[in-house]
Amino acid sequence: MPELPEVETIANGVHARARGQQVLSVWFSRYPQPFLTRPARMARALTGLSIQQVRRIGKHIVVDLGAGKNPSSPSIQWIVHLGMTGRLLYCEATAPVATHTHARLELDSGHELRFVDARRFGRLDLIDLSCEPSFSGPGTEPLTIDSVAFAALFHGRRTPIKSALLNQSLLHGVGNIYADESLFHAGIRPLRHASSLTRAELERLRLSLQKVLRAAIALGGSSVSDYVDANGIRGFFQLEHCVYLRTGKPCRLCGSPIQRILVAARGTHYCNKCQK
DNA sequence: CATTTCACCTGGTGGC
DNA sequence: TGCCACCAGGTGAAAT
């Protein structure tokens with residue numbers, strides 16, 4: 001599932017290849033689920049504008065579009081959330097169209113930007129910058145948050161720390177994989193109440209989370225189900241996972257079997273010996 | 001308000 | 001081989 005490192009990889013890939021290109025035409029599938037903004041309105045707004053910048057905010061891909069090709073004064077933002085199985089692909093316009101393709105943006109270079117999503121948990125939205133503020137995401141960026149702000153997020157929260165990490169209105173971009181992996185590296189059990197963490201544990205968690213996210217970005221993300229980047233290339237960070245989907249396998253640090261429990265209705269993996 | 005639960009989806013898996 | 005029940009999980013709405 002695409003989380004911060006996967007979304008960042010995709011956004012960077014699309015930026016590198018699609019920046020400066022004009023949208024010639026737009027096609028959307030008939031399914032209503034992926035569209036927060038009505039498809040006809042979204043197509044009308046996108047057509048004719050140029051892609052100025054593509055970046056990640058939380059788990060969202062933000063595409064700035066405007067009349068000029070340079071990254072200045074965009075007039076709209078196209079917001080892509082990949083959900084569970086979403087892909088944003090940059091390909092030849094003549095490439096075969098995969099099943100579950102929900103959006104095709106024809107670009108002036110003969111390429112297309114395609115949104116493909118089998119499970120339809122993804123969402124497409126439009127922000128009109130002439131009357132709406134620029135997209136800022138639901139929470140705080142985990143990669144740049146400082147220790148004081150990080151600790152403040154969890155102060156007084158009775159919920160398990162794993163649940164708090166998944167709460168996008170606190171930190172945005174962290175999902176099931178990186179919540180489990182960062183808790184392992186910090187040596188903290190997922191069911192601990194967020195408010196019970198000491199200052200030292202919170203700081204260990206922040207540093208572990210940032211380290212894991214940066215390492216995953218460097219390896220192009222984790223390909224556990226069907227994640228691929230904008231060019232259809234798989235990531236490699238799944239090879240570095242210590243706990244996620246390693247139920248029963250030996251802990252990489254101590255050798256004891258990795259446990260699996262449910263937290264917030266999500267499969268949660270941890271080492272009973274290394275995490276306290 | 002904080003927190004938990006559930007519905008939304010379909011491909012993949014495992015049992016028979 | 002084929003059929004089918006079941007599960008995964010990001011998010012937001014509904015329930016507690």
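The chains referred to below are lettered A, B, ... by the order of the sequence lines, with proteins before strands, and numbering in each begins at 1. We use all heavy atoms of the structure for the numbers below, so side chains are in, but hydrogens, waters and symmetry mates are not.
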Would you kindly say whether A/Tyr178 and A/Glu6 are connected by a side-chain donor-acceptor distance under 3.5 Å?
yes
A correct 5'-to-3' footprint of nucleotides 9-16 of chain C, with B, S and - meaning base, sugar-phosphate only and no protein heavy atom under 4.0 Å, is BBB-----
Strictly below 4.0 Å: does A/Arg157 bring a side-chain N or O up to OP1 or OP2 of B/dT3?
yes
Calculate the interatomic distance between A/Arg87 atom CZ and B/dT10 atom P; express it in whole Å.
16 Å
Quick one: A/Asp117 CG to B/dT10 P, roughly how many Å, whole number?
10 Å
Answer with yes or no whether the hydrophobic clustering places A/Ile145 together with A/Ile161; edges join I, L, V, M, F, W, Y residues whose side-chain heavy atoms lie under 4.5 Å apart.
yes
Rounded distance (Å) that lies between atom C1' of B/dT3 and atom CD1 of A/Ile161
15 Å
Assign the ring pair A/Tyr244 / A/His269 to parallel, tilted or perpendicular, where the plane angle (0 to 90°) is split at 30° and 60°.
perpendicular
Indicate whether the side chain of A/Asn167 and that of A/Arg157 have a donor and an acceptor atom separated by less than 3.5 Å.
no
Which whole-number value in Å describes the distance from A/Asn167 CG to B/dC1 P?
14 Å
Between A/Ser256 and A/Lys273: side-chain donor-acceptor atoms closer than 3.5 Å
no
Could you walk me through whether A/Asp146 and A/Arg206 pass the salt bridge (Lys or Arg N to Asp or Glu O under 4.0 Å) check?
CA-CA 8 Å; A/Asp146 65 43; A/Arg206 183 181 74 97; over 6 Å; no
